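Note that the structure is a prediction, hence the values are computed from the model and not measured.
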Amino acid sequence: MSLTFYWYPKCGTCRNAKKWLDAHQISYEEIHIVEQPPTRDELQAFYQKSGLELKKFFNTSGLKYRELGIKDKMKSASEDELLDLLASDGMLLKRPIVTDGERVTVGFKEEEFEKMWL
């Protein structure tokens, strides 16, 4: 199983997820989420395969999220508008995003990683 690991190296949560993957000897391709953010189509596929609400893909504690007032836009924006927003800036994405093409995790919770990636 080969994983794609979208991360931001300065993010502590991402570093913890990376340590976990390395400790479990799970191979992955590392992609810098800000320099090479997933495309809108990739995000839509992640969203559909994850079973998560679209709002779970937003980095709600990020500066960009607050600057752009996305919390208020969430209530009235369509799914398409939210996907466009997510695709517009890698800093808006909750991270890390890990996928094997079929399954997707967003963020890092050790128990979730154990269920999904071991």
Is there a path of hydrophobic side-chain contacts, each under 4.5 Å between heavy atoms, that joins [X] and [Y]?
X: Ile97; Y: Leu21; value: no
X: Leu3; Y: Leu52; value: no
X: Ile70; Y: Val106; value: yes
X: Leu43; Y: Ile31; value: yes
X: Leu93; Y: Tyr28; value: no

Taking the side chain as every heavy atom from C-beta outward, state whether Trp117 and Glu112 have any pair of such atoms under 4.5 Å apart.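 Not in contact.
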Considering all heavy atoms of both residues, which atom of [X] and which atom of [Y] are nearest to each other, and what is their separation?
X: Thr105; Y: Phe113; result: OG1-CE1, 3.6 Å
X: Ala17; Y: Pro96; result: CB-CG, 3.7 Å
X: Val104; Y: Lys49; result: CG2-CB, 4.2 Å
X: Ala87; Y: Thr39; result: CB-C, 4.5 Å
X: Tyr47; Y: Glu53; result: CE1-C, 4.0 Å
X: Ser76; Y: Glu81; result: O-OE1, 4.3 Å

Atom pair [atom1]/[atom2] of [X] and [Y] - distance to nearest 0.5 Å:
X: Asn59; Y: Met91; atom1: CG; atom2: CE; result: 7.0 Å
X: Asp22; Y: Phe5; atom1: CG; atom2: CZ; result: 8.5 Å
X: Lys64; Y: Leu85; atom1: NZ; atom2: CG; result: 11.5 Å
X: Arg95; Y: Tyr6; atom1: CZ; atom2: OH; result: 15.0 Å
X: Leu83; Y: Arg40; atom1: CG; atom2: CZ; result: 4.5 Å
X: Lys109; Y: Lys115; atom1: NZ; atom2: NZ; result: 10.5 Å

I'd like to know if the side chain of His32 and the backbone of Val34 have a donor-acceptor N/O pair within less than 3.5 Å.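 Side chain of His32 to backbone of Val34: a pair is present.
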Distance-only, no hydrogens or angles: does the Arg103 side chain make a donor-acceptor pair with backbone N or O of Ser50 under 3.5 Å?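 No, because the side chain of Arg103 does not come within donor-acceptor range (under 3.5 Å) of the backbone of Ser50.
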Might you work through the side chain to side chain contact (heavy atoms under 4.5 Å, CB included) test for Met74 and Phe58, ending with a clear yes or no? CA-CA 10 Å; Met74 283 282 187; Phe58 281 91; 3.1 Å; yes
Lys73, NZ: over 12 other non-hydrogen atoms inside 6.0 angstrom: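 Above 12, so yes.
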Atom NZ of Lys19: over 12 foreign heavy atoms under 6.0 Å: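 Counting neighbours around NZ of Lys19, 12 or fewer heavy atoms of other residues, nucleotides or ligands fall under 6.0 Å, so no.
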Glu30/Lys18 ion pair, N-O < 4.0 Å: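 Between Lys18 and Glu30 there is a salt bridge, with a charged N closer than 4.0 Å to a carboxylate O.
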Do Glu79 and Leu54 pass the side chain to side chain contact (heavy atoms under 4.5 Å, CB included) test, and can you show the C-alpha distance, the side-chain angles, and the key distance before you say yes or no? CA-CA 8 Å; Glu79 190 174 288; Leu54 194 51; 3.9 Å; yes
Walk me through whether Phe108 and Val98 qualify under side chain to side chain contact (heavy atoms under 4.5 Å, CB included). CA-CA 9 Å; Phe108 175 64; Val98 183; over 6 Å; no
Phe46 and Phe57: aromatic ring centres closer than 6.0 Å?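 No; Phe57 has its ring centre 6.0 Å or more from that of Phe46.
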Worked check of side chain to side chain contact (heavy atoms under 4.5 Å, CB included) between Asp89 and Leu68: CA-CA 11 Å; Asp89 189 332; Leu68 297 174; 5.9 Å; no
